[in-house]
Amino acid sequence: MMRSKPTLHCTNRLLLNLQINRNNTTPSSSSWNTQLRELAKQGQYEEGLRLYRQMLRSPAAPNAFTFPFALKSSAALSLPTSGEQLHCHVIKTGCHDEPFVQTALISMYCKCCLVGNARKLFDESPQSKQLTVCYNALISGYTQNSQFSNAVALFCQMRLAGVAVNSVTMLGLTPGCTSPMHLVFGMSLHCCNVKSGLASDLSAQNCLLTMYVRCGSVELARRCFDGMPEKGLITWNAMISGYSQNGLATHVLDLYREMELSGICPDAVTLVGVLSCCANLGAQKIGREVEQKIERSGIVCNSFLKNGLINMYSRCGNLVRARAIFDGMREKNLVSWTAIIGGYGMHGQGEIAVQLFDEMIRTGIRPDGTVFVSVLSACSHTGLTDKGLDYFYMMERNYGLLPGAEHYCCIVDLLGRAGRLQEARKLIESMSVEPDGAVWGALLGACKIHKDVELAELAFDRVIELEPTNTGYYVLLSNIYSEAKNIWGVSRMRVMIKERKLKKDPGCSYVEYKGKTHLFVAGDKSNPQTAEIYKLLDKLEGLILALGRPTKHEIERRNEELISRMGVHSEKLAIAFALLNSVGKEILVIKNLRVCGDCHLFIKLVSKIVDCHFVVRDATRFHHFKNGVCSCNDYW
DNA sequence: ATAGGGTTAG
């Protein structure tokens, strides 16, 4: 992308020196300006400012043509001190009434996060209020400084003043629509664009597409995308990232393929989106292809891409490769550390995760809420209870970070696993933020481990208030009743599910095969090999029986009717599919929720029969099944 | 010659 930059840089230097030294006369202001313009055009802003300072020392005086370039450089580098200095020079040279300079000043202050200064300039100059460009600069400034309501107010003021609105006005305003509550306004902007004939502009369309994604409507974004007769790289990237951010991983892969077919060359931004979906799907082969593509095509592997690779390899079970990339990074940022810490946590290697976290702190990186989620969940999976609690209290005390529901969720899980159930319950009751379903769900899960029916019922009541349609919780409590031989409880769950007309477990599983990912949901019959899959599952049940083990898990037998309502679990279908197609010695199955007890036992027994190593990644961690043994007993 | 805009990770 920016590969040729260093050479250009040298060339420019040479050119500059040549031009300044060739003619023994001192260069005129306009020749300084030409050089400044070239540097700004090529994004060499540091060089630009250096040149400007050089100019100040020369006999040539800066003029109205000098400032826009110099200001642009300060703005791009977000250097308010240098910007304010330039402002002084502007006044000293009497250029402050020049509209171009005024606009550049407004824009500079906005980019340096000093919107107040920008507004003051705007208000104090009567002519600014007549100029589209000044409004545009300030409107986009408000938007970029998260002051959308001010941007909208100024937009209204602009229209009342009768100042012409153009496509750049829309480009400044549209990105302010960032949440579903802005959708209606965003759509009205879209209409406005169409009516005033501004909609054919490629950038405006890219902007609208992104706006729909951020407002939560991927469908409308896709409709925009499909309606664009000419698509640029940014168009494809915006759509791919849109799918990726909304977890529509298979759509990402389809679109990426389509993009390649249409002859558009992906760049780093594209591949970041693709890697993120490979991570979600456990599609390591596709992810590896992406890595090879980076090496072959000479795309600069920037920190975004490296972090994407670390995350992809960690979540596909290849910690060795993830670690190698991490170790090879010269400048590791917070995201890099979070990705690798999360990777070790998911693999049950909490000690290493904790060591890495401490190392990160030592290198002077300030942690945020997300990296605390990684390290806290790593502690809970490895039973590092006290260590986890230390970190939890450290959050607020040392870093002023208020724990959110997701942190409480980790701590409830941590205390729960350690059998400190009442402590966990008290913690929930003392929470400063409203507990969500996951928090009570964690307590419910802990009650299963420690067979506490009474507390389980309490947690269940709370969780079901918050997530009444999540069938996983009904099954979980039913399993708890089942283990306690509480037949009444089991049937109560059955009735509740029936009455509430809850049907399918929303869970799904993925397997990668021949460079494609195959999706299964519970009770799925849409796969072309469905008949063979069910036949193989029957055969496996038979083989398990021949081992002298029960055909079905005891719990599953008691819950038979309940399970049959849910359909065959997605994990079982995915495993049968993988075996049927000889995916390999090691089979990776991705489950979007938690692996349940029934499947856990089933997979364990199957790994005894077939010469295969199963790796299941669920919502929280990796489970390795081999020769009838599993690496952990962590399931719902 | 001179001002205003869109896509990226945990």
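Naming: A, B, ... by sequence-line order, numbering from 1 per chain.
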Side-chain touch A/His190/A/Cys224, heavy atoms, less than 4.5 angstrom
yes

Check each residue of residues 226-233 of chain A for a non-hydrogen atom within less than 4.0 Å of any atom in DNA chain B, then write out the ones that pass by number, or none.
none

Rounded to whole Å, the CE-P distance (A/Met259 to B/dT7) equals 16 Å

Residues from residues 204-225 of chain A sitting under 4.0 Å of DNA chain B, heavy atoms only?
A/Asn206, A/Cys207, A/Thr210, A/Arg214

Using atom CG of A/Leu356 as one end and atom C1' of B/dG10 as the other, report the distance to the nearest whole Å.
14 Å

Separation of B/dA9 C1' from A/Ile340 CD1 (nearest whole Å)
14 Å

Tell me every residue that passes side chain to side chain donor-acceptor pair (under 3.5 Å) with A/Thr169, counting only those two or more places apart in sequence or in another chain.
A/Asn136, A/Asn166

Atom NZ of A/Lys129: over 12 foreign heavy atoms under 6.0 Å:
yes

Less than 3.5 Å apart, which donor and acceptor atoms pair up between the side chains of residues 351-364 of chain A and the rest of the protein, not counting sequence neighbours?
| unit_1 | atom_1 | unit_2 | atom_2 | d |
| --- | --- | --- | --- | --- |
| A/Asp358 | OD1 | A/Tyr391 | OH | 2.8 |
| A/Asp358 | OD2 | A/Tyr391 | OH | 3.4 |
| A/Thr363 | OG1 | A/Met360 | O | 2.7 |

Residues within residues 309-335 of chain A bordering DNA chain B, heavy-atom distance below 4.0 Å
A/Asn311, A/Asn333, A/Leu334, A/Val335

Which part of the nucleic acid does A/Phe69 contact within heavy-atom distance under 4.0 Å: base, sugar-phosphate only, or nothing?
sugar-phosphate

Pairs flagged by ring pair (Phe, Tyr, Trp, His ring centres under 6.0 Å) wherever residues 320-339 of chain A is involved - sequence neighbours left out:
A/Phe326-A/Trp337

Among the nucleotides B/dG6, B/dT8, B/dG4, which one has an atom lying closest to any side-chain atom of A/Thr132?
B/dG4

Give every residue pair that meets the ring pair (Phe, Tyr, Trp, His ring centres under 6.0 Å) criterion with at least one member in residues 93-114 of chain A, sequence neighbours excluded.
A/His87-A/Tyr109

Gap between atoms CG and C1', on A/Asn136 and B/dG4 respectively (whole Å)
5 Å

Value in whole Å for how far the C1' atom of B/dA3 lies from CG of A/Leu131
10 Å

If you go through the side-chain atoms of A/Asn237, does one of them form a donor-acceptor pair with the base of B/dG6 closer than 3.5 Å?
no

Which nucleotide in the list B/dG4, B/dT8, B/dA9 gets nearest to the side chain of A/Ser303?
B/dA9

In whole Å, what is the span from the CG atom of A/Leu255 to the C1' atom of B/dT7?
13 Å

Hey, could you give me each pair passing ring pair (Phe, Tyr, Trp, His ring centres under 6.0 Å) that has a residue in residues 264-286 of chain A? Not counting sequence neighbours.
none

Using centres under 5.5 Å plus planes under 30 degrees as the test, is A/Phe304 stacked with B/dT8?
yes

Here the residues of residues 138-167 of chain A within 4.0 Å heavy-atom distance, strictly under, of DNA chain B are A/Ser140, A/Gln144, A/Asn166

Within a radius of less than 6.0 Å around CD of A/Glu230, do more than 12 heavy atoms belonging to other residues, nucleotides or ligands occur?
no

Shortest side-chain distance from A/Pro68, nucleotide among B/dA3, B/dG4, B/dG6:
B/dA3

Between atom CE in A/Met239 and atom P in B/dG6, what is the gap in whole Å?
19 Å

Quick one: are the ring centres of A/Tyr408 and A/Phe392 less than 6.0 Å apart?
yes

May I ask you to decide whether A/Arg50 forms a salt bridge with A/Glu47, counting only side-chain N to carboxylate O separations under 4.0 Å?
yes

State, with a plain yes or no, whether a side-chain heavy atom of A/Met187 is found less than 4.5 Å away from one of A/Leu220.
yes

Phosphate oxygens OP1/OP2 of B/dG4: is one of them under 4.0 Å from a side-chain N or O of A/Ser107?
yes

Is any side-chain N or O of A/Gln245 closer than 4.0 Å to OP1 or OP2 of B/dT8?
yes

Ranking B/dT2, B/dT8, B/dG10 by distance to the side chain of A/Ser276, first place goes to B/dG10

Donor-acceptor pairs under 3.5 angstrom involving side-chain atoms of residues 338-345 of chain A: please list them, not counting sequence neighbours.
| unit_1 | atom_1 | unit_2 | atom_2 | d |
| --- | --- | --- | --- | --- |
| A/Thr338 | OG1 | A/Leu334 | O | 2.7 |
| A/Tyr344 | OH | A/Arg323 | NH1 | 3.1 |

Applying side chain to side chain contact (heavy atoms under 4.5 Å, CB included), can you list everything that pairs with A/Ser276, at least two apart in sequence or on another chain?
A/Ser244, A/Asn280

Which residues share a side chain to side chain donor-acceptor pair (under 3.5 Å) with A/Gln102, sequence neighbours left out
A/Ser125, A/Ser128

What's the CD-C1' distance between A/Glu98 and B/dA3, to the nearest Å?
11 Å

Would you tell me whether A/Arg288 and A/Gln292 have side-chain atoms, one donor and one acceptor, within less than 3.5 Å of each other?
no

I want to verify a distance call: between B/dG10, B/dG4, B/dA1, whose nearest atom is closest to the A/Thr338 side chain?
B/dG10

Select base, sugar-phosphate, or nothing to describe what A/Asp201 touches, counting heavy atoms under 4.0 Å on all strands.
base

